[in-house]
Engineer: 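Provided herewith is a single structure, encoded as structure tokens, for subsequent inquiry.
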Amino acid sequence: MDRSLTFLGIESSCDDSAAAVLRDGPAGTRILASVVRGQGRLHAAFGGVVPEIAARAHAETLDLCVEAALAESGLELTDLDGIAVTAGPGLIGGVLAGVMTAKGLAAATGRPLWGINHLAGHALTPRLTHDCAFPYLMLLVSGGHCQFLLVEGVDDFRRLGGTIDDAPGEAFDKVAKLLGLAQPGGPEVEREAADGDPRRFPLPRPLLDREGCDMSFSGLKTAVLRTRDGLVAGAGGLREGDRRDLCAAFQNAVADVLVEKSRRALAIYRTHAPESPSFAVAGGVAANGTIRARLQALCEREGVAFVAPPLALCTDNAAMIAWAGIERARIGLPPDPAIVARPRWPLDQSAAPMIGAGRKGAKA
Ligand code: KG4
Ligand code: ZN
């Protein structure tokens, strides 16, 4: 690599407004600034992300995020070589706010603009943090996404499978709600599960009996609901111990499904004869200690490197968008000043669309 590139990234596809400045050069890649302003507080009373509130908050916050990121990096707009913005998939109002902000900045500065697929941002992150070589296998597992991707190039993704209904993070959140725990539910359920007995309640492992890598989590959530109702009817309420055991059983069932489907995805990945096989995870659910440890153990058994970027880069952020822009620029993919916001945008155009649409918008 002969030339250093400095990119601004902008992300607003769900409930985080984010801007980041990244520099990639002969001396390596440095995140000069990464600003993420979550909207959790604005949506808390509604039990989920409200698209109109999200869109307005992005429109009000994004330029402040850009300003903060530039200040933190000590750079001016004129120091940038390019701008990259999430152009989909996601909640359309938020994506539009980001695209309009980026177009305005690009027009004002004359800097080239790249529209980035949000999922490509997640999927390329292992190359930002670990220099992962193509092809690698990726599991995106968050509140809005759940899919296995075979990443063969900067613009070359094959979906091997994904959820046909809820994403696992969504299921964690719903289970937390059913059991009277706070949101976001994942960390709460994990905390309760730590002292619970995962074997007391037999919960289903959906779709394990079906071939392939597709997954389903909505039935699991319903099974938790039925078990809870049974306990409440029998004892007149949910005891603390019951709640812990139910959380442990649920978490264990999710882990079993993810491990078995990952084993199958790894078998498909191996047919592509990767020189240095790697399995990367991203998304909030990858923060779960039990799930992470189980996936890591699977990789050790399979002789595959396990790559887990730091959490701040696994969850929604703009550094991954700037990085995806730099990757595209490096291989000569042209900028596109006329990008449009796309609510749905499957990474793998050849794969059949997934059924689930989910709380956090299109899963693509
Ligand atoms: O990637 P993320 O920050 O946002 C998107 O969904 O795009 O993921 C958030 C999701 C939430 O559903 C949250 O409950 C889940 O990740 N999560 C967890 C844990 N920490 C966050 N799920 C299970 N265990 C955790 N420790
Ligand atoms: Zn995301």
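Ligands are counted one by one from 1 in listed order, and the atoms in each one are counted from 1 as well. Just so you know, these numbers come straight off a predicted model, no measurement behind them.
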Engineer: Does any N or O atom in Gly169 lie less than 3.5 angstrom from one in ligand 1, N or O only?
Structural biologist: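 By distance alone, the answer is yes.
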
Engineer: Counting each atom of ligand 1 from 1 as listed, which ones have a heavy atom of Glu190 under 4.0 Å away?
Structural biologist: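 Those atoms are 25 (C), 26 (N).
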
Engineer: Which of the atoms of ligand 1 are close to Asp316, meaning less than 4.0 Å from one of its heavy atoms?
Structural biologist: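 In order of numbering, the contacting atoms are 7 (O).
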
Engineer: Check Asp173 against ligand 1 and report side chain, backbone, both or neither, counting heavy atoms closer than 4.0 Å.
Structural biologist: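 It is the side chain that gets close, since no backbone atom is under 4.0 Å.
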
Engineer: Under 6.0 Å between ring centres: does that hold for Trp323 and Phe7?
Structural biologist: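 No.
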
Engineer: Does Gly143 reach ligand 1 with a nitrogen or oxygen that is under 3.5 Å from one of the ligand's nitrogen or oxygen atoms?
Structural biologist: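 So ligand 1 has an N or O lying under 3.5 Å from an N or O of Gly143.
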
Engineer: Between Arg23 and Thr6, does any side-chain donor sit less than 3.5 Å from a side-chain acceptor?
Structural biologist: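 Checked: Arg23/Thr6 side chains pair up, N/O donor to acceptor below 3.5 Å.
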
Engineer: Under 3.5 Å, is there a donor-acceptor pair linking the side chains of Ser34 and Asn317?
Structural biologist: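 Absent: no donor and acceptor within the cut-off.
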
Engineer: Please confirm whether Thr315 comes within less than 3.5 Å of ligand 1 when only nitrogen or oxygen atoms on both sides are compared.
Structural biologist: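 Among all N and O atoms of Thr315, none is under 3.5 Å from an N or O of ligand 1.
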
Engineer: Compute whether any side-chain donor of one residue and acceptor of the other, for Glu11 and Ser13, lie under 3.5 angstrom apart.
Structural biologist: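 There is such a pair between these side chains.
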
Engineer: So with a 6.0 Å cut-off around CZ of Arg270, is the heavy-atom count from everything else above 12?
Structural biologist: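 Enclosed.
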
Engineer: Heavy-atom contacts with Gly185 under 4.0 Å: which atoms of ligand 1 show up? List them by number with element.
Structural biologist: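 Once the distances to Gly185 are compared, the set is 14 (O).
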
Engineer: Report, rounded to 10°, the angle at the Zn ion (ligand 2) between the two atoms NE2 (His145) and NE2 (His122).
Structural biologist: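 It is 110°, given to the nearest 10°.
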
Engineer: Tell me whether Gly284 has any N or O atom under 3.5 angstrom from an N or O of ligand 1.
Structural biologist: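 Yes; at least one N/O pair falls below 3.5 Å.
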
Engineer: Quick one: does Gly144 get a heavy atom under 4.0 Å from ligand 1?
Structural biologist: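 A heavy atom of Gly144 does come that close to ligand 1.
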
Engineer: How about Arg239: does its CZ atom have over 12 heavy atoms from other parts shown lying under 6.0 Å from it?
Structural biologist: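 No, the 6.0 Å shell around CZ holds no more than 12 heavy atoms from other groups.
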
Engineer: Report, as yes or no, whether the 6.0 Å neighbourhood of atom CZ on Arg56 holds more than 12 heavy atoms from other residues, nucleotides or ligands.
Structural biologist: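 No, because the 6.0 Å sphere around CZ of Arg56 holds 12 heavy atoms or fewer from other groups.
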
Engineer: Which N, O or S atom name in Asp316 marks its closest approach to the Zn ion (ligand 2)?
Structural biologist: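 Nearest to the Zn ion (ligand 2) within Asp316's N, O and S set: OD1.
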
Engineer: For the residue pair Phe279 and Tyr269, is the inter-centroid distance of their aromatic rings smaller than 6.0 Å?
Structural biologist: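 Between Phe279 and Tyr269, the centre distance exceeds or equals 6.0 Å.
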
Engineer: Taking 4.0 angstrom as the limit and counting only heavy atoms of Gly283, give me the atoms of ligand 1 inside it, by number and element.
Structural biologist: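 In order of numbering, the contacting atoms are 1 (O).
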
